[in-house]
Amino acid sequence: MVELAGIIILGILAQWVAWKFKIPAILPLILIGLLVGPLATLYTADGTKLIQPIYNGEEGLFPGESLFYFVSLAIGIILFEGGLTLRRSEILNVAPVILKLITLGAAVTFFGAGFAAHFVFDLSWPISFLFSSLIIVTGPTVITPILRNIPLKKDLSAVLKWEGILIDPIGALVAVLVFEFISVGEGETYTLTALIEFGKVVLFGFTFGFTFAHALAFAIKRKVIPHYLLNVFTLAAVLAVFVLSDLFAHESGLLSVVIMGMVLGNIELPNIDELLYFKESLSVLLISILFILLAANINVDDLELVLNWNEVALFATVVFIIRPLGVFLSSINSGLKLNEKLFISWVGPRGIVAAGIASLFGLKLARQGEPGAEYITPLVFMIVLGTVLLNATTARVFARMVGVFLKESEAILIIGASKVSRIIAAYLKENNRQVVVIDSNKGNIKKAKNLGLEAIEGNIYSDKLQNDIELNDVGYLMALTGNSDINKYAINKFKDQFGENGSFRLVSSEEMNDPDNNPNEGLFSHTGGYNKLIDLAEKYPEINEIKVDDKEHYKKLISITKKDNEIVPLFIKDPEKGIRIISAFSEKLEDIKEGSILAYLGKSIDIEEVS
């Protein structure tokens, strides 16, 4: 009981440490697992592990085959959650290079790392290629924390994010294929039998995943499942599909749940966000338990096998030769610049799936007496630890060195997708500013997308938005909802991450009528709040422009907007600095240059009135 409770407590503690210090959770999880597992034998009085997943094959927390079953099911749920997050629309701009990375790049890693493992550690060819198949994957759970605080171009972040999500099932599938090759034996039937098994894995994996995803979607849409059972019913369905698929084709369960997640994630489903939140929480718990268990299950003898210069040589080959080669071959004619290719080459941390499946297959093959199988788990764990440590400590510095670190984050995040928000966002986009609109209202988001705007359906009270590395180039925040409390909350929560260059919000009527308490972040607030903007957007659905000669001319224009109830100033278009947002203290806007333009919502300003 103490061990089971300790695993959960230590796992959640590791997750908190990762959040606090902005590092991938896998790092403290594996380190804790090693400390309470193999390294504990060096400091405990009786030389035993503090947590013993398997002891002498038939004892410990998970005797017999039970650890394998738990690892398989846990990885299946984690991969399903990853598949749910995949959206076809989000990868259209960078689809070609991502496709090459998960095919050509994966092939380069597979063959390159396989040859390296064979010649460096003198492993058999099957074991070498099983190792290489396991390190194909780069996981989003390790990439996201590393990149979260590095301002990068959206497309660059998207490449790394979606490579990590899509490569997981591919790496798992290749590992399954190699495992089947090893398991079926050698001789004339070796290739034929392995290909038949592989065909069964693909057939049943895709069939079960696609069919049951649509069946579950049908049940959700027809409200066959009550709302309070939706999350747990989906969990049960995922486990059922995993087990059923595995019964028809051994090891096809992983593929089937990934396909199931991908299909469900791209169907318009009610309550899909609730499902995602539940799966994210469950994945955090499973990952916390899983990696402490897997690391604790390693023995000191296993570590001694790989803690030598051969491991250093293998690690250097994988990170500094094979990864860059795969990236550069995959990005030919992609439009990526040299410095962007170098950064993608540098950031390739291995994660959850690599370590999890390595433990699963390594233990199985070791039990079957396969020569060299004892190397699989510790070798993969060392690659995982090494790449995560390297990227977590150097990614930000390397981004500056190669020049992909954005000195100024110019993109604008608009909270709220009402008509006035859409008009403002469309104007900003027309003036070459990247704009992202977020709203929980599906109808508003759909209208924004129809205008060609980048729009996200989301709840600002969740943490999902803060974890989106594709928003790392956002430096301005505008809260334009009709609820002043929501606007305040958005500013307080997101100003450090998305509003480093400026955070603005619509103020309440009380604040607007009290000049002494009008906040600095007040937006257009000396002329009108949300209701007035909505009325003007209905009456004058376009943003007007008027030239500004100098600062005195600008002040005259602002004085007119204060008197006229049908004009709201929005932006100044500076010939050098571009668009500048007008806050509550519009008169204090300095450095108004000749050739600037005042952009405003409402009726046209009479030029003669300000001449």
Rounded to the nearest 0.5 Å, what's the gap from [atom1] on [X] to [atom2] on [Y]? Could you check?
{"X": "T207", "Y": "F248", "atom1": "OG1", "atom2": "CZ", "answer": "10.5 Å"}
{"X": "T103", "Y": "I167", "atom1": "OG1", "atom2": "CD1", "answer": "8.0 Å"}
{"X": "L293", "Y": "L29", "atom1": "CG", "atom2": "CG", "answer": "11.0 Å"}
{"X": "L235", "Y": "L73", "atom1": "CG", "atom2": "CG", "answer": "10.0 Å"}
{"X": "I292", "Y": "L13", "atom1": "CD1", "atom2": "CG", "answer": "8.5 Å"}
{"X": "L130", "Y": "Y375", "atom1": "CG", "atom2": "OH", "answer": "15.0 Å"}

Using 30° and 60° as the class boundaries, would you call the ring planes of [X] and [Y] parallel, tilted or perpendicular?
{"X": "F398", "Y": "W346", "value": "parallel"}
{"X": "W125", "Y": "F115", "value": "perpendicular"}
{"X": "F208", "Y": "F212", "value": "parallel"}

Looking only at heavy atoms, what is the nearest atom pair of [X] and [Y], with distance?
{"X": "A14", "Y": "I32", "answer": "CB-CD1, 3.7 Å"}
{"X": "L264", "Y": "A213", "answer": "CD2-O, 3.4 Å"}
{"X": "L160", "Y": "I143", "answer": "O-CD1, 3.6 Å"}
{"X": "G253", "Y": "D246", "answer": "N-OD1, 3.4 Å"}
{"X": "I322", "Y": "A113", "answer": "CD1-N, 3.3 Å"}
{"X": "I259", "Y": "G209", "answer": "CG2-C, 4.0 Å"}

So do [Y] and [X] actually touch side chain to side chain, heavy atoms under 4.5 Å?
{"X": "L134", "Y": "R350", "answer": "no"}
{"X": "L379", "Y": "L123", "answer": "yes"}
{"X": "F110", "Y": "F129", "answer": "yes"}
{"X": "V97", "Y": "I344", "answer": "no"}
{"X": "F315", "Y": "V120", "answer": "no"}
{"X": "T109", "Y": "L325", "answer": "no"}
{"X": "I77", "Y": "V257", "answer": "no"}
{"X": "L152", "Y": "F343", "answer": "yes"}

Flag, side chain of [X] to backbone of [Y], donor-acceptor distance under 3.5 Å:
{"X": "S245", "Y": "F242", "answer": "no"}
{"X": "S256", "Y": "G205", "answer": "no"}
{"X": "H118", "Y": "S128", "answer": "no"}
{"X": "K493", "Y": "I460", "answer": "yes"}
{"X": "N308", "Y": "E311", "answer": "yes"}

Mind running side-chain contact (heavy atoms from CB on, under 4.5 Å) on L34 and L385 for me, showing each step along the way? CA-CA 11 Å; L34 292 173; L385 269 177; 4.0 Å; yes
Is there a side-chain contact (heavy atoms from CB on, under 4.5 Å) between I225 and L216? Walk through the geometry before answering. CA-CA 9 Å; I225 308 164; L216 181 59; 3.9 Å; yes
Is F218 atom CZ crowded by more than 12 heavy atoms from other residues, nucleotides or ligands, each under 6.0 Å away? no
Stepwise, does the side-chain contact (heavy atoms from CB on, under 4.5 Å) test hold for F131 with L314? CA-CA 11 Å; F131 162 78; L314 181 61; 3.7 Å; yes
